[in-house]
Protein chains: 2
Amino acid sequence: MTATESDAAPRSGRRATRHGDSRRDELVHAASELFADRGYRDTSIAQVAERVGVTQQALLYYFGSKAGLLDAVIDDRDGAAVEFAEQLAAVGGAEALRRLPGAARRNVADPYLARLFAVLVAENLSPESIAHEHFVQRYRHLREIVAGLIADGQRDGVFAADPEPQLLATEILATIDGLNTQWLLDPEVDLVAASEQWAAGLAERLAPRRPTARDARS
Amino acid sequence: MTATESDAAPRSGRRATRHGDSRRDELVHAASELFADRGYRDTSIAQVAERVGVTQQALLYYFGSKAGLLDAVIDDRDGAAVEFAEQLAAVGGAEALRRLPGAARRNVADPYLARLFAVLVAENLSPESIAHEHFVQRYRHLREIVAGLIADGQRDGVFAADPEPQLLATEILATIDGLNTQWLLDPEVDLVAASEQWAAGLAERLAPRRPTARDARS
DNA sequence: GTCTATAGCGAGATAGAC
DNA sequence: GTCTATCTCGCTATAGAC
């Protein structure tokens with residue numbers, strides 16, 4: 001039993017940190033909050049460690065490097081958006097559109113996740129940046145899900161046929177992100193009201209031009 | 001002639017730097033490019049100075065501090081968006097909507113300004129950040145201009161009456177910003193096509209419901 | 001106006017004790 | 001696992017010569 005690869009040290013961000021480790025989780029959580037507030041680059045690992053009540057070196061024991069900490073934060077906190085998009089896609093049709101402002105309402109109730117990803121995306125626009133590839137893939141994935149939702153609706157005749165799904169998916173994600181950004185910058189912006197009006201307009205735009213496949217109601 | 005306030009030193013970012021000073025302009029320009037690429041916080045004033053071929057201390061002679069340099073960059077480079085919005089407002093009506101994708105085409109031709117402000121806005125979301133107030137005011141101003149354009153069109157009967165102008169203005173700026181962000185992150189995103197489809201949908205949404213004020217054509 | 005020199009700080013990371 | 005100590009580096013800013 002040489003100490004070359006002790007079983008105690010979780011070297012990288014591999015293991016999913018879903019609450020249980022205590023210390024490591026506390027550090028990921030503290031880092032998420034500080035990154036959301038001041039960005040990755042402007043946060044020191046010492047500040048993160050201090051918030052949990054340990055030293056910087058203890059933090060490095062868990063994550064190896066500052067970049068490792070970022071990986072762990074992204075692993076742990078990202079995915080909410082993808083899950084939400086997948087939920088909508090599962091529901092489908094006009095009901096999915098009706099649920100869009102729900103994301104806004106959740107953001108207002110808990111702004112920190114929205115802030116975290118707004119900040120991290122901007123910090124990783126450049127291809128050399130540390131998490132660039134992650135966010136590129138994340139958006140491609142989200143666009144695929146939303147485009148699929150639209151294409152399905154068009155195939156079923158519950159959505160108008162003319163908008164190109166990929167472009168509309170890009171536009172939908174853009175509007176959500178852009179509204180969040182303005183509201184994060186300036187709390188005077190009424191995120192929920194803007195989201196609701198937007199979603200209503202989108203529903204109108206996607207309404208089939210002629211009664212192609214009306215439900216039993218009318 | 002004591003040297004207490006020599007006439008040579010432009011202390012702060014007061015004077016509009018519209019090309020003429022040479023050195024100072026070169027520094028502002030170099031800083032803009034580096035800030036766009038890596039953000040304000042990740043750029044050192046030494047890197048900016050090096051690009052122009054002077055030392056960091058020469059740069060500080062002009063701007064006093066790194067924050068002073070940021071002020072100068074914002075003074076010099078911001079305003080393009082406001083000018084564009086004012087142009088659209090001056091044109092008004094459906095023609096203004098038709099010109100919206102022009103911004104996208106200009107961004108694709110010269111991505112650096114879009115990148116600069118995407119990065120700077122994200123770095124200044126937090127109220128404590130150095131240029132936070134500037135960007136809050138900038139967006140409020142832009143929203144006012146766009147909301148005015150919409151309200152004018154509604155008053156004249158060339159736009160549908162139901163969208164609330166302030167909320168729609170927020171949504172329009174959000175979509176523009178969000179599309180830019182996705183495209184900056186991933187060049188595979190077709191910014192121009194997405195903008196054109198979006199603008200077409202917006203025009204449809206704003207078309208008056210009944211032929212209130214049709215032109216002589218039809 | 002631009003330089004050299006340097007102060008002074010805070011960062012990330014490593015070594016090794018306990 | 002967490003600590004103390006320390007290395008090394010890069011940063012902003014100041015002082016003062018030319």
Side-chain angles (χ1 to χ4, degrees), chain A residues 1-13 15 17 20-28 30-31 34-35 37-73 123 128-131, chain B residues 1-13 15 17 20-28 30-31 34-35 37-73 123 128-131:
Chain A
M1 255 198 214
T2 46
T4 38
E5 285 280 292
S6 104
D7 54 345
R11 298 282 287 189
S12 189
R15 173 194 294 266
T17 34
D21 290 358
S22 192
R23 242 320 167 258
R24 193 179 190 281
D25 282 354
E26 283 178 72
L27 286 165
V28 169
L34 286 169
F35 290 172
D37 230 68
R38 328 145 69 79
Y40 170 74
R41 288 172 184 153
D42 212 39
T43 302
S44 73
I45 53 177
Q47 289 170 327
V48 176
E50 188 196 23
R51 197 174 256 229
V52 172
V54 296
T55 61
Q56 179 216 135
Q57 291 79 357
L59 183 151
L60 284 174
Y61 165 78
Y62 289 100
F63 305 101
S65 67
K66 193 186 179 184
L69 174 60
L70 178 60
D71 282 350
V73 167
E123 277 189 316
E128 301 89 44
S129 51
I130 182 165
Chain B
M1 253 198 216
T2 46
T4 37
E5 284 282 292
S6 100
D7 53 348
R11 298 283 288 189
S12 188
R15 175 193 294 264
T17 35
D21 290 359
S22 192
R23 230 344 153 249
R24 195 179 188 280
D25 283 354
E26 283 179 72
L27 287 164
V28 170
L34 286 169
F35 290 172
D37 230 67
R38 329 145 69 79
Y40 170 75
R41 287 170 186 156
D42 212 38
T43 302
S44 74
I45 53 176
Q47 289 170 326
V48 176
E50 188 195 24
R51 198 174 255 229
V52 171
V54 296
T55 60
Q56 178 217 137
Q57 290 80 356
L59 183 152
L60 285 174
Y61 166 76
Y62 289 101
F63 305 101
S65 70
K66 192 186 180 183
L69 174 61
L70 178 60
D71 283 351
V73 166
E123 278 189 314
E128 300 90 43
S129 51
I130 183 165

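Chain identifiers are assigned alphabetically (A, B, ...) following the order of the sequence lines, protein sequences preceding nucleic acid strands; residue numbering begins at 1 within each chain.
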Nucleotide N/O to protein N/O under 3.5 Å, stretch nucleotides 16-18 of chain C:
none

Ile130(B) CD1 to dT12(D) P, straight-line distance once rounded to whole Å | 12 Å
Closest non-hydrogen atoms of Ser65(A) and Leu60(A), given as atom of the first, atom of the second and distance, are CA-CD2, 3.7 Å
Side chain to side chain, Phe63(B) and Val28(B), heavy atoms closer than 4.5 Å = yes
Strand-adjacent residues in residues 39-52 of chain A, judged by heavy atoms under 4.0 Å from DNA chain C | Thr43(A), Ser44(A), Ile45(A)
Leu59(A) CG to dA11(C) P, in whole Å, measures 13 Å
Rounded to the nearest angstrom, tell me the gap between atom NZ in Lys66(B) and atom C1' in dG10(D).
-> 11 Å
side-chain contact (heavy atoms from CB on, under 4.5 Å) against Ile130(A), all qualifying residues, sequence neighbours excluded = Tyr40(A), Ala67(A), Leu70(A), Asn124(A)
Separation between CG (Asp25(A)) and OH (Tyr62(A)), nearest 0.5 Å, reads 10.0 Å
Kindly state each residue pair satisfying salt bridge (charged side-chain N to carboxylate O under 4.0 Å, His left out) with at least one member in residues 37-48 of chain B, sequence neighbours excluded.
-> Arg41(A)-Asp42(B), Asp42(A)-Arg41(B)
How sharply is the helix from dG1(C)-dC18(D) to dC18(C)-dG1(D) bent, taking the axes over five pairs at either end and rounding to 10 degrees?
-> 0°
Where Leu27(A) and Leu69(A) come nearest, the two heavy atoms and their spacing = O-CD1, 4.4 Å
Report yes if a side-chain nitrogen or oxygen of Tyr61(B) is closer than 4.0 Å to either non-bridging phosphate oxygen (OP1 or OP2) of dA13(D); otherwise report no.
-> no
Just do the side-chain contact (heavy atoms from CB on, under 4.5 Å) check on Val52(B) and Leu59(B) with the steps written out, would you?
-> CA-CA 10 Å; Val52(B) 171; Leu59(B) 183 152; over 6 Å; no
Which whole-number value in Å describes the distance from Tyr62(B) OH to dT14(D) P?
-> 18 Å
Salt bridge (charged side-chain N to carboxylate O under 4.0 Å, His left out) pairs touching residues 43-66 of chain A, sequence neighbours excluded, are Glu33(A)-Arg51(A)
Distances for protein N or O near nucleotides 3-6 of chain C N or O, under 3.5 Å:
residue : atom : partner  : partner atom : Å
dC3(C)  : OP2  : Thr55(B) : N            : 2.8
dC3(C)  : OP2  : Thr55(B) : OG1          : 2.8
dA5(C)  : N6   : Gln57(B) : NE2          : 2.4

